[in-house]
Structures are given as C-alpha cells and as structure tokens.
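Just below is one structure, and these are the notes that go with it.
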Amino acid sequence: MTTIATNPIEKRTENRSSATIRFAGDSGDGMQLAGSQFTNTSALFGNDVSTLPEFPAEIRAPAGTLAGVSGFQINFSSEDIFTPGDRVDALIAMNPAALKTNLRDLVEGGILIVNSDEFNIANLAKAKYPTNPLETDELSRYQVYAVPIATHTVEAVKDLGLSAKEAERCKNIYSLGLVYWLYDRPLEATINWIKSKFAKNDQIAQANIRALQAGFHFGETAEIFPVRFRIERAKLPTGKYRNITGNQATAMGLITASRLCGKPIVYASYPITPASDILHQLSHYKHFDVKTIQAEDEIAAVCMAIGASFTGAIGVTASAGPGIALKQEAVGLGVMTELPLIIIDVQRAGPSTGMPTKPEQTDLWQAMLGRNGECPVAVVAAASPSDCFQTAIDAVRIAVQYMTPVFVLSDGFTGNSAEPWRIPKAADFAPFPVIHPADPTVFQPYARDERGVRPWAIPGTPGLEHRIGGIEKADITGNISYDPENHQHMVNLRAAKIDNIAREIPPQDVYGDASGDVLLVSWGGTFGAVRTACDTARKRGQRVSHMHMRWLNPFPSNVGDVLKRFKHVVICELNMGQLQLLIRGRFLINAHGLHKVQGRPFMVSEVLAKVDEVSRG
Amino acid sequence: MTTIATNPIEKRTENRSSATIRFAGDSGDGMQLAGSQFTNTSALFGNDVSTLPEFPAEIRAPAGTLAGVSGFQINFSSEDIFTPGDRVDALIAMNPAALKTNLRDLVEGGILIVNSDEFNIANLAKAKYPTNPLETDELSRYQVYAVPIATHTVEAVKDLGLSAKEAERCKNIYSLGLVYWLYDRPLEATINWIKSKFAKNDQIAQANIRALQAGFHFGETAEIFPVRFRIERAKLPTGKYRNITGNQATAMGLITASRLCGKPIVYASYPITPASDILHQLSHYKHFDVKTIQAEDEIAAVCMAIGASFTGAIGVTASAGPGIALKQEAVGLGVMTELPLIIIDVQRAGPSTGMPTKPEQTDLWQAMLGRNGECPVAVVAAASPSDCFQTAIDAVRIAVQYMTPVFVLSDGFTGNSAEPWRIPKAADFAPFPVIHPADPTVFQPYARDERGVRPWAIPGTPGLEHRIGGIEKADITGNISYDPENHQHMVNLRAAKIDNIAREIPPQDVYGDASGDVLLVSWGGTFGAVRTACDTARKRGQRVSHMHMRWLNPFPSNVGDVLKRFKHVVICELNMGQLQLLIRGRFLINAHGLHKVQGRPFMVSEVLAKVDEVSRG
Amino acid sequence: MTTASAPLTPKDLKSDQEVRWCPGCGDYSILAQTQKVLADIGIDRANTVFVSGIGCSSRFPYYMNTYGFHSIHGRAPAIATGVKCANPQLDVWVVTGDGDGLSIGAGQLLHAIRRNISLKILLFNNRIYGLTKGQYSPTSEQGKRTASTPLGSIDPPVNPLSFALGVGATFVGRAIDVDIKSLQLVLKRAAAHRGTAFVEIYQDCNVYNHKAFEFATDRNTKEDHIVYLEHGKPLIFGKDRKKGVRLNGFTPEVVDLAGTPADDLLIHDESAHSPALAFLLAQMKFPSMPEPMGVLRCVESTTYEHMLEDQMATARRQSGAGDLDKLFSQGDTWEVE
Amino acid sequence: MTTASAPLTPKDLKSDQEVRWCPGCGDYSILAQTQKVLADIGIDRANTVFVSGIGCSSRFPYYMNTYGFHSIHGRAPAIATGVKCANPQLDVWVVTGDGDGLSIGAGQLLHAIRRNISLKILLFNNRIYGLTKGQYSPTSEQGKRTASTPLGSIDPPVNPLSFALGVGATFVGRAIDVDIKSLQLVLKRAAAHRGTAFVEIYQDCNVYNHKAFEFATDRNTKEDHIVYLEHGKPLIFGKDRKKGVRLNGFTPEVVDLAGTPADDLLIHDESAHSPALAFLLAQMKFPSMPEPMGVLRCVESTTYEHMLEDQMATARRQSGAGDLDKLFSQGDTWEVE
Ligand SMILES: Cc1ncc(C[n+]2csc(CCOP(=O)(O)OP(=O)(O)O)c2C)c(N)n1
Ligand SMILES: Cc1ncc(C[n+]2csc(CCOP(=O)(O)OP(=O)(O)O)c2C)c(N)n1
Ligand code: SF4
Ligand code: SF4
Ligand SMILES: [Mg+2]
Ligand SMILES: [Mg+2]
C-alpha cells in the first residue's frame, strides 16, 4: 500500500471530461459542507454538476460508528451530465467507518485519501475492522494516500488561539483544499463563503481559510500525488445559474404557479423526511402570499388544503409514503368535490417506515390506485431537482384548469440533491388566470364546460351559496344522489375529465430514434441514469432510444404508438414494476422491467447491462 | 288499467321453475320483515332462495318520500339459483314512492300490487307524481291490482281493540299473506314466528295473524287474481339448512378459524356501513374467546388488531372503503413486521363517502396496491353470503401460516343479503394448530422456514424477548437495517412469501369446458350473476365457461393457462376494470371487461349481452 | 363578523334541500334555532360557511342556505381551518357529533381548539352513533347496551367540556336542543366570540337513544337538574330557585338557599384567568349535581387567523410584495456566457 | 404486575442494540432510570412489553431487553391496547413524544387514557420534533422560531397534564429527565398504578431545543421554579423551602412561608374525588408559578382490561364454552331430505 512518499514524484496534470468524487466522514465531520462547497466551486468554474448527498438515518449517531457516516458525492464534467455518477474516482474517507461503508463505490485504481489520524484501535473497532486496513493489503487495488488530516489541520491553525476542538473542526475544509488541488479548482469562492459565513468570528474564519490553503498546499508541495486532473468548462446554455435542490425547486414552482394563476397558496403539511424541506422553504415566502400551516397530522394537512381550495386558494400538501397513505381518504373527497388540490409525494423507501432517508419510486401505485372507489387523479413526476420547478407549475395549472387533485411524485434523491439551474425570467412564463363564476342566474355547482370541468365558485360570492360533500352528487345540481344511473354517469364523467387532460399535455417525445431495438422508459428521478445510459449505448452503436414519462396519469395520447415502434421495451424504475404493470395492462406489450429497491438511484451501468441483456434476447 | 274486478274470474294454478318478487314500501312499512318472512317460508318449503334487501340511505327519511323507500327482493326456485333475480315478476308497492322507484324493475306484463290507500294527493306529491298513475294508462303494460291494503288490514283486526296506528302497522303482514296466496305458500312458519315474536303481547300477535290470514283469504276469495303460481321444491343437497347473511357468515367463519388454530380472536373495529354488522355479531360471542373492541377510529382499530397479533391472538379488523383507506399505513406495518392480520373490506360505492348503503367492487386496487412502498398482502374475496364463512377460515389459515396480513373482500350486497346455508359440522373442518417458538437457543426473529415464513414468538415467552417495528429489518436478526442489499433482499423475501401462498391454495378451476369461445371471469359477489349467465349461455349452445377467482393475490399458479384456452376473456366486475388491469398486465391477454358501478349487482341479462357482444367479435 | 344590509329572516337561511332527519330528532330544533339566531344577528349568507363531518348531525350544512361543506368523518375542524386561513373574512361554523368530534375526530377538534382559530364549533351530543344505527359513542354512559355492546359498554365517557377546557378553549358553552331560549343565547354568544367557540348541545336521538337527556328536558324535573350560568351571578337553580351551589374545598355541593348566606354561593366567572373554575363546573354531573348550561368560559385571546395575517403583513412590510425574479436568483449565482 | 424470581439488574434490561441518540440527549437518562426502576421492582422481562410510535423518543423499545414494538407515528397507545387486551397479564409500557403523542397521536392517547386501560404511558416532552430535525411541536411555546416557523409559531401550546386530566386520567405524573430521584419515584408509582398511568417527562433535546427546561434543571434556580408534590402535604418549595402555594379564590399564588399560617397553604390531595385540584396544579406555569413535579393525581377505578375479562368470564359462565355446532344452527333451520 501507498503511504506518504518522501521521494519527490514528478507532477503531471491530466485532462478528463468528468470526474466523480465523494467526501465521506462522520456526520459531525462536516462532509455535507465540504461537498456543497466543492459543488459550488465547480459550478462557478463552469462545469456541469450533479450531486448525491447521503445522510445517516439518525440525527446524531454516535461518533465513529458505521451508522453515523455521512457522504456527499459530486459528478462534475465538461459535458452535459444527468447523474451524480455510478462510482467514484476519488474517495475522501475521514475515518474507518467512512472507509468501510464507502469503499465499494470506489473504482478500481481510484484515489483514496484517508485521514490516518482516525485509524486508531477505538475507531477501527467501531467500524468493525478486525485489523487496520492501512496496514494490510486489502486496499492494494486503490491509490491510497494516508494523510494525517487532523494533525495537519491543527498544525496549520495553531497560532490562532483556537481550542483543540475548534481547530480540529476545520479538517473538512483542509480536505476540501486538498481535493481542490487535486482537481485544479480555484479557492476563491470558498474563501469568500468562509468570510461571509463567519463574518462575526474572524478567528474561525481565518482558521478555515488557513486550513483550506494548507490542504491545497499539501497537495502542491508534499509531492505525494503523481498527477492532478483538470476538468474543463462545460458548454452550457448561456445565462445566470444557481444550484437548486428538488425541494427548493418545488417550493419556487408553487410560488410561481400561484403568481401565474393569481391565486394564493395555502400549504398545509406535517413534517416528514424527506418532504419537510418544502414546508421549511415555503415558510419563508409569506410575502409571496403563501400561507404555511404546520398541521397536527397528515390527515389534517390535506383537509386544510381542501378547505383552502374550496375557499379559492390553491391548497397544497406534501408528505412521504406513510403520510400519503393517511391522506388518501381525503384525496377521495377532493375527487368527489372536484376541487383543485396538490399532493406532493417525496417518495422514500418503504413499506411502512422503511428507510426514511433513502429514495425509492414505490408510491406510484399508491398515488394512482390507492383509494376507495373509482377515484382517478392526475399524476405527474419530476425528472430531476431543477425539473421540480416546472413540474409544480404544471401540476397547479392542471389542478385549477381541471378542478382536480394532482399528485406530484418526487423522491428523496430528487428532493434533496442539488444541480445547477439556469435561472428563468418570471416574464417568460405564460399566466393561466383563474376566473371564478359570479353570476347566480346561470350557476350550477356541477354543470360542466366542454372539457368536463365544473365551476370553481367560492365562498364570499353573493348568490352562489351552495353545498358540496363526499356523498355522490347529482349531475349538474351537485345535490346528494343515490340514483344508480347517476352514479355510473358521474363515475364516467370524473374519469373522462382526467382523460381529457391528455389534450393539455404535450405528446410523448422520444430521445434518440423514433424506432429501434430497445426503448428505455423512465419516469421521475430515474431520468438521469437512463438518459446517460441511452447516450452511452447509442455511442456504442446500439439502437436504443429513451422515453421519459412526465405524466403518469393520464398518459399522453401517443404513448401506445411510441411503444409499438421498438422491438424491446424496458421500464426502469426504483420499484419492483409499478409503471410496468400499468403499461403492460394498458398496451398489452411485453415490457421488461429494470427494478431496484436499494434506497439508491440507478447506476448507469445497471441500465446498460439491462440493455445488453434484452438485446441479446 | 285493472282495478279490483267484481266479476268472478276462473282461478288457475300454474307451475313455474322460479319467481322473483319484491316488497317495496316506506322504510317504516316493515318491508324487510315481510321479505325475510317470505324468504324463510320459501326456504322451509324447500326452494332455493336468494335475496336482495335495499335500504334507504337515511335512518328515517321522511315518510312517503322517494328517499325513504325500502325494498326486499326474493328469487325462489325449484332449481339451484345464484342471484336474487334481474327483474321482478311481482312487485308489491305500498305507496306511490315505492311504485316510482321500483317499477322499472318489473317485467313487462308482471304483477303489480299497490296499496291504493296511500295514493292520495300528499303522497303522490312526495313521490313527484304529477297525476295518479292508477288513474292514467302509464301502468298499462302490467297486471295492476290496486288493493286498499290499509283499509283491509284495519278492517281485519278491528275487533281486537288496537289503536288505529297499531292496526295499520299490520299491513305489511297483510300483503305478505296476499303474496303467500299468490305463490301458494304455507302460512304456518310465519304464524309461528309471529307467536314467538309477540309472545308478550297477544293482542298484537293476534292482529298480525289475522292480517296475514286476511291477505291470504283476499287472494283466495276476492276473485281478482286469475292465476296463482306454484314453485316446486328444489333438489338441494340433503342436510340441515338455515339462512345466513354474509356478515353473519364472516363472523362465524372467524370464530371457527379461531377454534381450528387454537388462537383467540381480538376483533377491533370502528362502525361503518356496511361492515358494522360483523362487529355486532361478534360482540355476542365472547364465550367463544372473541374479544371485540369498538375502537375510536379505523386507525386505532387496525393498530389494536396488530398489537393483539403481536401478542399471539388473531387480530382482525373490518371496515368499508373510506375506513380501509385510513388503515393502510398500519397494514404496511403489518407487512413489515410480518404478523398475521385480517382486514375485511365490505366494499361500498365510492369514491369518498360515495353511496354508503350500495355495493361495489371498487376497492380491489386499494387492497392490493394502495400502500406506500412494495407492500404485498394476500387478498381473497367471498363469492356469496354463505361463502363468507369459508373465506374467513381460509384467510385466517393463510394469515397464521404465512405470517401476513390478509385482505378479505366482501361487499354491501354479499354482506347484507341472505341465502340458505347447509349447516356444516364442526368436526368436518381440519384444524391448523399454531405452534409458537419457545426455544431461546435457536430463536431468530426474522429467520425463515422453507416457505419463507418467520416465527411467531409471543410476549410471555421467556428468553424470546425481541423487538420489531416498521423500519426495514435485517434479514434473520430483525434488527434495524439501512443496508441497500439487505433492503432489496427483504423486499424480495416478502414478495416471495406471498407468492408461495399459491402452493397452499387450490389450482384455479373452470366451470364448463376447459376451452371455448368465451371465458367469463368473476371475483367476489359477482359470482352468482356470472354463473347463472354461464349456465344460460351454455343452454343456448354457446361455448362459454366460467372462472371464478377466489384468490386475487396470489393468483393460483394455473390462471395463465386457463386464460389462454379461450378465444375471448371477459372480466365481470362492479368497477371500471380493476381485476382486468391486473390480468392484462400479468398475462398480456386482451381481456375484455364488463363494468358497472350503479350500486347494484349485475343482472344476468347484462352478462349475457356481453357474451353475445364479444362472441360477435 | 360580516353583516349584510337586507334584513334576514330564518326562511332566507333555509336551503332548497329536503330535511332528512328522523321525525322527532333533536337536530330539527337546533337547525331552527341556528337559522333564527343567524337571521337575528343578520349574517351575510355569502360570507358564511358551514362545515361538517359525517353523522346525522353532519347533514346540517345541506339545510343552511349558506356555503357548506359536508366533508369526511371527523375532519371538519381541519377543513374549516383551511377555509378560515384562506379567507379570514368568512364566518365559519363547524357542526359535528359526539362520534365525529370526539372519536375519530378528537385530534382535529383538539388542535382547532388549542389554536384558538375563529371557528364556531357545535357538537351535537346525542351520546350515540346515530347514522351507523346506534352503537355507543365516547359520551355514552358506561354500561350502555347497544348493537356493539350487548353486555354493556366498558369505556368511561369523555366529558366534552372538560376536554375542551383541558386543551385551552377560550369559549366553552352548553345548551339543550329543546331549550330554545338558552340555546339561542349560547349560539349568539358563540357567534360573537373571537377565537374558537366550542358549544356542546344535548341532542335527542329519538331512534337510538331517546330521552338520554330527559333529566334536563322533562318539564317537571329539569329545573332541579340543570343550572343556568350567568357571569358574576351566584349559581342558583331549582323549580323555585331555592337551591344553590357552594364550594366545599374543591368539591361543589348543593345547598338550600334558605340555610345559606348568599355570599357562600359559588359565583360564576366566565372570564376567570384560570380555566379551573370552568373545569370544576364542567365536572358537575347529574344526578349528584345540577349540570351547568350557558357559557362556562369566555376569555379574549389573540386568534390564530389574526396572528397568521399579522405575519403575512409583517413579511410583506419587511420584504415587499414578493418578486419572482429576485426569488429565483437567491443565493450564489454564476453566469455562463 | 408480574415479578420474576431471579434478582434483576439494570444491565439485564439492556438490549444488545447500540443506543443511537445524540450525545447529551435527555433520553439517555430516562432510559437508565427506567432500567433501574424496573430492575428494582423486579419485573419479569418476558412479561413486559414496550410499545412506541415514531420519534427519537420512540427508539426506546430497542434498548430495553424486553418485548418491544416500535410502531408507527402516533399509534402506540392503540397497539398497546391491542397487546393488553390480548393478554392482560403483560405489563405494557408506552413511550411517546410530544409530537407522537399530542400531535398525530392525540386521538389515540385520549382514548387510551379515557378507557383507563393499564398502560404506563411515558410522554417524553422536549417541546420539539427531534427526529424530523427541529420543527415546533404542540408543546412548544408560542412564538417559537424553528425550521418551519421562521417568524415564530402562532399556536398556543397544549398542556399535556391538563389534557390528560380533561379526559379523565386516573394517574397523572410529571418528572424531569435529569432529576433522577423524582423521576424514579414517578416511574415506580406509575408502574404500580392499576389503570392508565400518564407521565410527562421534561426531556432535553440538546440538538434542537437545548435548555428548554433549564428553569427546572439549573442547579442554582430550579428549586425556586418547581414544587415537588406530596400527598397530604402542603405545597412548599424554594431553595430553603421558604415559599408556599396558597389559593386565592381559584387562583393559586406564591407566598412567603414566613408571613403565612401553615393552614393557609394548599394541601396536595392526589386522590381527590374531583380532578379539579389536579387541574389547577397542572395549570401552574413557570415563570409566574412553580411547576408541579411528582404525582398530581392517582385514583382507583376499574380498569378496561378488568371489565373486558369480566365480560368474557360472564359470557362463558352464562353460555358455557362456545359450541361451534350450536353456533352454526342458531335461529330458524330446516331439513332437506
Ligand atoms: C372514515 C369513516 N369511518 C366511519 C364512518 C361511519 N360513520 C359515519 S357517521 C359515524 C358516527 C356518527 O356518530 P356521531 O358523530 O355521534 O353523529 P350522529 O349520527 O350521532 O349525529 C360513523 C361511525 C365513516 N363515514 N367514515
Ligand atoms: C405518518 C408519519 N408522519 C410523519 C412522520 C415523521 N415524523 C417522525 S417522528 C415525528 C415527530 C417527532 O416528534 P416527537 O414525537 O416529539 O419525538 P422526538 O423526536 O422529539 O422525541 C415526525 C413528524 C412519520 N414518521 N410518520
Ligand atoms: S338516528 Fe337519531 S340522530 Fe339520526 S336523524 Fe334519527 S333521531 Fe336524529
Ligand atoms: S435530536 Fe434531540 S431528542 Fe433526538 S436524539 Fe438528538 S438530542 Fe435527543
Ligand atoms: Mg352522536
Ligand atoms: Mg419531541
């Protein structure tokens, strides 16, 4: 194994089109911070960037344990990228536990920087290492750099008068500096960030800056790294950019939609991982006419949203799997009363409590089919963090224009990871103003327009007083009705209304050729891995195309046609075949499935392997 | 139109193989009672019998209104029958509202007996009749007998000293007597019933007996009915019989299952139409070791059942659509903790509150697919009221043998209507005793046997102390685990366990030929109409067979083979295609659907029409 | 409260829907009194919303010619909270039952009350589940034999008023369906209250629990069994107003006015700082004590909707009306050229 | 309560699972005291079940070497009710949090308490949602700034003890995570109670709501801010036990013992017939009053499980052990030959 070499080694800089690195350490080690700084710096530098943060399930698992490891992976590139990368080219492991849980994702021959200070007996035991891996040959397949990061850090800041603890806390910034050197990144952005973040504590600010520089200089001078790498700027569309997480984008999309239709948002929800952040975000935007209510539970939350919608606001609620289950009875009320309502499901691994911090796409059935009675709603899914923005706008538009609950499917990965977002201009979005009825002489609560949509008459309007509820309604009048034919008629009308939404959404597009050997189908957050796999396969000469489905209900009207033009169809989803069943049942084609429920996104290689498998036949 | 003829008419008795009649009146008129007496008498007489009670949605809708009409339909026959009949041969309408809401179900030329006393202006107005239909020709297509039933009744009992109100109350029994005459039934059973029912009030008993006889004699002597009908005894399997409703049968099935496996029942539920009766029934059987708890809501109910199952009882809960929706989060907990749990869904018309008193089969998706995460459970459906008995036993057996939640699907029609049940002998059922583990040296909470089932270790057992919960479990140990591969493994194990149940259930059988033109597929309460239609079609010479599916999850292993042997497959369900989607998606066959959501069972004629439609191509 | 200009009659508040309770149901009287009171105070129909859950009582909104929402079982307080938050100008009433409000909906009721959001919540307590045909409810007396409890129920009942006081209600009242005068009075007071007003109404379900409140409605005896509360007045009751309630330590007891100095009697104070007095009154139960009717508690406290609007205004004041372009550009940004 | 023969040590009650609360979390102390108390009273591990919902506090069962069920959010009281009904011999403990128990689970908690089923319910009140990273909870003080309320929360808090008393609790206690002696005492009393025992435990969440209870834990000042209740004893507190609580009408007030006759002080009566005194104590809040610690209320009343078993026995006595063949043949039957 390699330890710090004392012999000078000649330095080279190699160009790469992209690299994937991961910071991993104890949850107290500040890995999320190091990761986001690296992300920002790379984005500012001009790379395309995609990230994957991984948190431990516990708030503060005991230091040094396997359960307490926190990680942050960044894929940065000179080309368009859609995933945070399958495996990492460089891993920074701040302690034995981080090494243990992350090593398997390091490519063979990859760079492994470990904080050797932490490889003591106590920590090795906590990580369940019987022997010190730095002292055996178990790491021989990697380029291992054992750096006493803590010692170096403390050394670097020693004359600033910090306590030992405070000094050591800068070690994440030291390792960031080291990795900046390794990938030839400028320090400037992070230095500025440190200055503003610790504006009130110059001592700490100085310490962090020193640590950053020390790390960088160690790379430069210690002469242990034979090469450094350069990833050039990507050719991205011009414009102003920022990083955005999916949950932020959802919040902003809701606010934008509210402006576009001229109706305020009432957002009621009950905290739950990984959806809580949308509530946190929105609670800052009261000046955008957003009222946020932290409800006593999910049932109350969705009911508050329904009450608000009845009153002319856009009622929105969000949760994850178990909380969505609780909302379903009330979603049914939304269907029967035909009110606009947005239900956001930031999916996580289930069943039951499952693995709350891990993403999955296992709530599609629940969203589409999980209610009593014939109870159709519109369902749309976000493809990426930034896509959550447009998805939220689309959902609100359909909800108010079709007077229907709309499910928005996101997931823990899409919701929490960040990607660069080209900042749009507010003026570029087409408004979709809502008009409430006001004329009592022609008003009927359940009369319908040509799209099958009933009027949204709201309390406060003189002369339109009316009553709605969850019992079957008579057509036109909306009075209670137990009439058999009326019930069939109303079930049909509600179904037809949802089907009509297909008129409003763009036809399904296909990436690649319109026909071929393999059609890869994705929905929601699996977009990135599947798109990347499609690109790779096409470069290899395979006749592969990609159909990413944004609307899951209704399907765009041409989906059946698209499917028929391919020899093989593979539906890639982080579940055991939920969209697959719907597509097979609807179109009677033998669609294959690529399934995974491991609380992690697809790897591109997994998709490619499946392409090869079905192509072989 | 026909009124009471004064000219004597020659009387004939005609033989019929079956007849369908309906008593309809105000909900205060005692129609349910008349109907059940007619049922009992016919069953005792030896006919096969099938009934359809229909209640108004309101507890006591205002007298005389359309909303207040209550009906009871009886199909009785000298042959095996499976449905209460599509349309009625004779309708007894006690007031204008009853006439209005029931007339369309009377066959052309059918017998219509109306209580002319109630056809006054006030009642006609309440029934929204602009003119008295007895005085126009709107009833000309029927044999109308306008009988002043109330007057006759009061007259018949006048010397017994009853109040006018009390006297008039016997009018349902008078009409029963009249119909007894019409169908040549003995009075004896009803007289005995009256005597025991009013044992404490001889005056009322006498009055009812007199009314019964007066009705009968009116038929005999008034010489207005040209014919009466005789329906001979059916050739039923020998044995002792009783009438049973689906909800009664479910209750008894649960009790029987409890005995067979040697575990007590803890039944926790929250009242809801049409499931409450199971709670009512079971609350009488404490001496069978059944504990019933009326919970504060559905969530508490299912959680109490889960707690009881953890403790070694059979936890059972029941509800209808909206309540089942509320239980889903906890059902997921049952799946994750792999505990036996029975969830009974007595389906009613939805979505939302829908039409609570009306049956539907629209909760199949909810039961199979309506939870967060990959969350499979076993699903079984009862074909008829008496079949609820065996269904409950099967559900409990699978639940304890496979340590899994089992959904039992019934519906408002199956649950509330009655049919004759050949009383089994307790000794005829095979026990399936449960053995709890006791040996601490080999115990692992999530170790599995060859069927993939974990042990049911219960509190109170020394040395087996362990903890379970809703977070993903590590294989074997059952400890909390966030390991990616473990999660995939556990999802697979849970799915495989449910699939393994297919080993335990009989292969799918087919009624009729094993191949042919049309395979009619039914599940749950649509059995009867489909079986009858199949018989009829076969008699007509059509190559039609019938596959009734008892297990919806897992499917019996040969279902795919069966389906492939028919040119056309028609899935008949009281929904808009729920099983249809599952079958199409699984087997990729172009299964047609016969769909109906009108809060009513299929009519045989509807099924036959569909057979003709698909046969034509 | 919003008031309209045209004088309103109870008839104006009747919707076109046929009332479908059982003949003799106590709900009829409550409906009539509500229509009377709301007409009297001259509400604006367009600005009034009735929200209910599920149960016989919850059919109420259909019969009111205002906006109405017959929602799902137990959730009316949450729906109504959404309505009120979306438009605080509206007068929002909630109608619930003892099952709807205290069984499945207890969580929602609790949180509406503790938020002190201006909903007027009427809980029709008939001590039974009416709509589902007569199972015992959370307010049914222990030992009640019903369809689901042939041997008698075993759960001790919940006292709705104690519950409401326990979770911080700012207005708590009680009335009886057929006691028209006091029912009107309590409804009027509830309508005027800012914050959550919680009113329990004893209601006769004449099909499944007839005469559950006979002690409080029987002409001959009722005056001995209930005491009308008046703020600042001593608790005096009985046919000839010859009985009073006095405190013995923490235990209220009935005394004969003849032998008791007037000062000894318990004086009602609906606006006491602590809810302890109201709590003690709420605990008085027939037959040992007369049951209190009227307003047990009424205190001023900032309402939820007021604070919500206040925060909205503050945010607007501090940050100006939100600017989307600014929002989009928050945080670190960079240009790609 | 079931007791085992072998003497038990707290260590016997530790499971093999790593404890995963944040370092410094108050939950550690509660766990240790629970293990100590249960060892002291010599429970039978095999007959003991801990049930919890979801939250940091709800991880508790994993660390107890007894039977345990970490269920779903808010529903532990219902799961535990199922456990206790299925086997009344078991000692059943419920661990819940202020969010788990008073927010999503308020309905279940209410009904467990009102049933008086023998569950020992420990509500770890840290006045915050810990597990979901620090949103305000139903017990958070108004105006609390959290992740979800940057301008401060606007809901008035629920007082868990008043709530429990309002719905008829037969045992209500309060203790503090780090106040080992009184915590042990309350736990012991709860363990011994027949019926539902409800215990609120002030718990420090040192990550999201550190020092929320400093007033009650700070060595220097705590004795002036809390009063330990003792049955039959006057309420005396303060560093030198020089202060007392006296009633002024219905309002409790703090007095200097020096100037007050001993008889004037409020005497604690945990078994008072009426819960009004306990309610009044529960309302005493820092800073105006010392907060009561210990047992506020403890009265005997028939338990739910007792009545349930009683009905089971009665049914068996009256009808004999059920006979399936008889059951099948109930009602009208007929023979087909
Ligand atoms: C989720 C759900 N569970 C159960 C029911 C059935 N249900 C309707 S009303 C009711 C109770 C009614 O009692 P209460 O609230 O006291 O009203 P009342 O009919 O007595 O006025 C029940 C259990 C339902 N409609 N929805
Ligand atoms: C149905 C459901 N909704 C929401 C959550 C998310 N959740 C888990 S714990 C919790 C609140 C925890 O607060 P508390 O009960 O006070 O426990 P603490 O963590 O403070 O000990 C929430 C909202 C969940 N797990 N399930
Ligand atoms: S059942 Fe009772 S509460 Fe319901 S309408 Fe009839 S009388 Fe009223
Ligand atoms: S977040 Fe708070 S309550 Fe949760 S473990 Fe950490 S310190 Fe304890
Ligand atoms: Mg009621
Ligand atoms: Mg908490």
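What's counted below: heavy atoms across the whole structure, side chains too, no hydrogens, waters or symmetry copies. By convention in this document, chain letters (A, B, ...) are assigned in the order of the sequence lines, proteins followed by strands, and residues within each chain are numbered from 1.
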Determine whether A:Leu333 and C:Phe69 satisfy the following criterion, side-chain contact (heavy atoms from CB on, under 4.5 Å), listing intermediate values before the conclusion.
CA-CA 11 Å; A:Leu333 179 66; C:Phe69 204 144; 3.9 Å; yes
Discussion item. Can you tell me if C:Arg194 has over 12 outside heavy atoms packed within less than 6.0 Å of its CZ?
Written reply: no
Decide yes or no for C:Ser71 and A:Thr337: does some side-chain heavy atom of the first lie under 4.5 Å from some side-chain heavy atom of the second?
no
Closest heavy-atom pair, C:Asn47 versus A:Gly460, reported as atoms and distance to 0.1 Å, is OD1-CA, 3.3 Å
Whatever's closer than 4.5 Å to a heavy atom in chain C on A:Ala305 counts as neither
Highest number of heavy-atom pairs under 4.5 Å with chain A among C:Gln330, C:Arg317, C:Met64 belongs to C:Gln330
Between A:Ala426 and C:Asp325 the two heavy atoms that sit nearest each other are N-OD1, 2.8 Å
Under 4.5 Å to a heavy atom of chain C? For A:Pro459 that would be both
| query | Mind checking whether C:Glu305 and A:Lys291 have side chains closer than 4.5 Å, heavy atoms only? | reply | no
If you tally heavy-atom pairs under 4.5 Å between each of C:Val49, C:Asn65, C:Thr81 and chain A, the highest tally belongs to C:Asn65
State, with a plain yes or no, whether a side-chain heavy atom of C:Gln318 is found less than 4.5 Å away from one of A:His287.
no
Greatest number of non-hydrogen atom pairs under 4.5 angstrom with chain A, of C:Ser319, C:Ala76, C:Pro77, C:Gly74, falls to C:Ser319
Under 4.5 Å to a heavy atom of chain C? For A:Ala330 that would be both
Residue from C:Arg75, C:Glu337, C:Lys84 scoring the most non-hydrogen pairs under 4.5 Å with chain A is C:Arg75
So, the part of A:Tyr241 with a heavy atom under 4.5 Å from chain C: the answer is both
Cut-off 4.5 Å, heavy atoms of chain C, and the answer for A:Ile314 is neither
Interatomic distance, CD1@A:Ile306 vs CD1@C:Ile72, rounded to 0.5 Å, equals 6.0 Å
Please tell me if the side chains of C:Tyr67 and A:Thr311 come closer than 4.5 Å, counting only heavy atoms from C-beta onward.
-> no
Given C:Gly331, C:Gly320, C:Ala80, the one with more heavy-atom pairs under 4.5 angstrom with chain A than any other is C:Gly320
Cut-off 4.5 Å, heavy atoms of chain C, and the answer for A:Pro237 is backbone
Distance col, row A:Arg467:CZ vs C:Tyr63:OH, nearest 0.5 angstrom, shows 11.0 Å
When every non-hydrogen atom of C:Tyr62 is compared with those of A:Lys473, the smallest separation belongs to OH-NZ, 4.3 Å
In this structure, CG of C:Leu327 is separated from CZ of A:Phe288 (nearest 0.5 Å) by 4.5 Å
So, the part of A:Val290 with a heavy atom under 4.5 Å from chain C: the answer is backbone
Max heavy-atom pairs within cutoff under 4.5 Å with chain C, candidates A:Ile468, A:Ile423, A:Thr238, goes to A:Ile468
Checklist entry - Would you call A:Phe310 and C:Ile79 a side-chain contact if the rule is heavy atoms closer than 4.5 Å? => result no
ask   = In terms of side-chain geometry, is the basic nitrogen of C:Arg115 or A:Glu296 positioned less than 4.0 Å from the acidic oxygen of its partner?
value = yes
CD of C:Glu335 to CZ of A:Arg422, rounded to nearest 0.5 Å, is 10.5 Å
query: Under a 4.5 Å cut-off applied to non-hydrogen side-chain atoms, are A:Cys303 and C:Gln108 in contact?
result: no
In terms of heavy-atom pairs under 4.5 Å with chain C, the winner among A:Leu464, A:Asp297, A:Val266, A:Ile255 is A:Leu464
With chain A, the option among C:Val92, C:Leu308, C:Ile54, C:Val336 that has the most non-hydrogen atom pairs under 4.5 Å is C:Val336
Flag side-chain contact, heavy atom, 4.5 Å: C:Asp332 against A:Asn243
no
So CD1 of A:Ile299 and NE2 of C:His73: to nearest 0.5 Å the spacing works out to 12.0 Å
Interatomic distance, CZ@C:Arg45 vs CD@A:Glu465, rounded to 0.5 Å, equals 4.0 Å
Among A:Pro420, A:Ala308, A:Ala189, the residue with the most heavy-atom pairs under 4.5 Å to chain C is A:Ala308
Please determine whether side-chain contact (heavy atoms from CB on, under 4.5 Å) holds for the pair C:Met312 and A:Asp289, giving the CA-CA distance in whole Å, both sets of side-chain angles, and the decisive distance to 0.1 Å. CA-CA 7 Å; C:Met312 300 296 288; A:Asp289 240 5; 4.1 Å; yes
Whatever's closer than 4.5 Å to a heavy atom in chain A on C:Glu18 counts as neither
query: Going through the checks in order, is the side-chain contact (heavy atoms from CB on, under 4.5 Å) test met by A:Lys240 and C:Ser329?
result: CA-CA 8 Å; A:Lys240 199 157 110 183; C:Ser329 308; 3.5 Å; yes
The interface call for A:Ala43 against chain C, heavy-atom contacts under 4.5 Å, is both
| query | Would you say A:Ile480 and C:Arg59 make side-chain contact, with heavy atoms under 4.5 Å? | reply | yes
Applying a strict 4.5 Å limit to non-hydrogen atoms, the region of C:Phe50 in contact with chain A is neither
